[in-house]
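Heads up: numbering here begins at 1 and tracks the sequence.
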Amino acid sequence: MALTATAQIIERTLWAMMDYYRADPKRIQHFIKVHAFARSIGISENLDAHTQYIVELAALVHDIGIKKAEEKYGSSMGKYQEELGPQEAQALLTKIGVAPTDIERICYLVGHHHTYRNIDGIDLQILVEADFIVNIYEDGLAPKAANSVLHKIFTTPSGKRMLCTCFGLDECAIN
């Protein structure tokens, strides 16, 4: 099957991130899950092709700052990821051949995906929602936590539906 140019870049990014986190299946599986949720939310929300592309690339590289944060601070705290992730993302995406203007937006998303106030675009909203869906599960949080996030953070109908479906929340009307 012949892939479009954007699909080829997404695929190269996936493999580059797998190489970046080589021998760390937890990190690899995390970003692949976030990518899958972000992709599905974006498609369900009828994003234009370019925004969908940005969302998918950002989802793949969103946690690229963890490695540097653990090296520098001994912690993977969100604020450290946001501080160190954009530079790492820029280097990886530049090697892959992503356009500089796209890299700029993706780095912004990487640098803000743990900041839940003033979410300034559908791309960041979808990235945050996808990351929350995966983190709630991976961290073993109670449905009460998922319900709280639903009301405080989630805005897209598709993200809300996914969260409610995954965690059996009765808050959402599933159509």
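- Between His114 and Tyr116, the angle of the ring planes goes over 60°, which puts this pair in the perpendicular group of the 30/60° scheme.
- Here side chain to side chain donor-acceptor pair (under 3.5 Å) pairs that include residues 132-146, with residues two or more places apart or in two chains, are His30-Glu138, Lys33-Glu138, Asp131-Asn135.
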message: Between Thr4 and Thr6, does the side-chain hydrogen bond (donor to acceptor under 3.5 Å, both in side chains) criterion hold? Intermediate values first, please.
response: CA-CA 5 Å; Thr4 64; Thr6 56; 3.2 Å; yes
Identify each donor-acceptor pair in which a side-chain atom of residues 87-98 lies under 3.5 Å from a protein atom, sequence neighbours left out, and give them as a table.
{"residue": "Glu88", "atom": "OE1", "partner": "Tyr20", "partner atom": "OH", "Å": "2.8"}
{"residue": "Thr94", "atom": "OG1", "partner": "Gln90", "partner atom": "O", "Å": "2.6"}

message: Is there a side-chain contact (heavy atoms from CB on, under 4.5 Å) between Asp102 and His50? Walk through the geometry before answering.
response: CA-CA 9 Å; Asp102 293 338; His50 186 254; 2.7 Å; yes
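- Looking only at side-chain heavy atoms (C-beta outward), Ile136 and Leu163 come within less than 4.5 Å of each other.
- Scored by the side-chain contact (heavy atoms from CB on, under 4.5 Å) test, His112 finds Tyr108, Leu124 as partners (sequence neighbours excluded).
- Atom CD of Gln8 is surrounded by more than 12 heavy atoms from other residues, nucleotides or ligands within 6.0 Å.
- By the 30° and 60° cut-offs, the orientation of the rings of His113 relative to His62 is perpendicular.
- Rounding to the nearest 0.5 angstrom, the gap separating the CG atom in Asn147 from the CG atom in Leu169 is 5.5 Å.
- Counting only distance, with no hydrogens or angles, the side chain of Glu56 and the backbone of Ile10 share no donor-acceptor pair below 3.5 Å.
- Criterion: ILVMFWY side-chain heavy atoms under 4.5 Å apart, direct or through other members. Under it, Leu127 and Ile9 are part of a common hydrophobic cluster.
- Taken to the nearest 0.5 Å, the SG atom of Cys107 stands 13.0 Å off from the CD atom of Glu82.
- Taking CG from Asp63 and OH from Tyr21, the interatomic distance works out to 6.5 Å, rounded to the nearest 0.5 Å.
- Here the closest non-hydrogen pair linking Gly159 and Ile133 is O-CD1, 4.1 Å.
- Using modelled atom types, one side-chain atom of Gln81 and one backbone atom of Ser76 make a donor-acceptor pair closer than 3.5 Å.
- Under 4.0 Å is where a charged nitrogen must lie from a carboxylate oxygen, and between Asp19 and Arg12 no such pair does.
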message: The test is side-chain contact (heavy atoms from CB on, under 4.5 Å); show your working for Glu129 and Met162 and say whether it passes.
response: CA-CA 9 Å; Glu129 290 179 7; Met162 286 185 178; over 6 Å; no
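- Once rounded to the nearest 0.5 Å, the distance linking NE2 of His35 with OG of Ser40 reads 9.0 Å.
- Residues Ile126 and Leu47 form a side-chain contact, since some pair of their non-hydrogen atoms from C-beta on lies under 4.5 Å apart.
- The closest side-chain heavy-atom distance from Phe31 to Ile64 is not below 4.5 Å.
- Counting only heavy atoms from C-beta outward, the side chains of Cys164 and Phe154 never approach each other to under 4.5 Å.
- Atoms CD and CG, from Glu11 and Leu60 in turn, are 9.0 Å apart once rounded to the nearest 0.5 Å.
- Note that OG1 of Thr51 and CZ of Arg105 are 9.0 Å apart. Values are rounded to the nearest 0.5 Å.
- More than 12 heavy atoms of other residues, nucleotides or ligands shown are found within 6.0 angstrom of CZ on Arg27.
- At a threshold of 4.5 Å between non-hydrogen side-chain atoms, the residues Thr156 and Ile122 count as touching.
- Placement of Tyr80 and Val110 in two distinct hydrophobic clusters is found when ILVMFWY residues are connected by side-chain heavy-atom separations under 4.5 Å, directly or transitively.
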message: Determine whether Leu84 and Tyr73 satisfy the following criterion, side-chain contact (heavy atoms from CB on, under 4.5 Å), listing intermediate values before the conclusion.
response: CA-CA 11 Å; Leu84 301 171; Tyr73 298 112; 3.9 Å; yes
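- Side-chain N or O atoms of Gln52 include one that pairs as donor or acceptor with a backbone N or O of Ile43 at under 3.5 Å.
- Using a distance-only test at 3.5 Å, with no hydrogens or angles considered, a donor-acceptor pair links the side chain of Glu45 to the main chain of Ser158.
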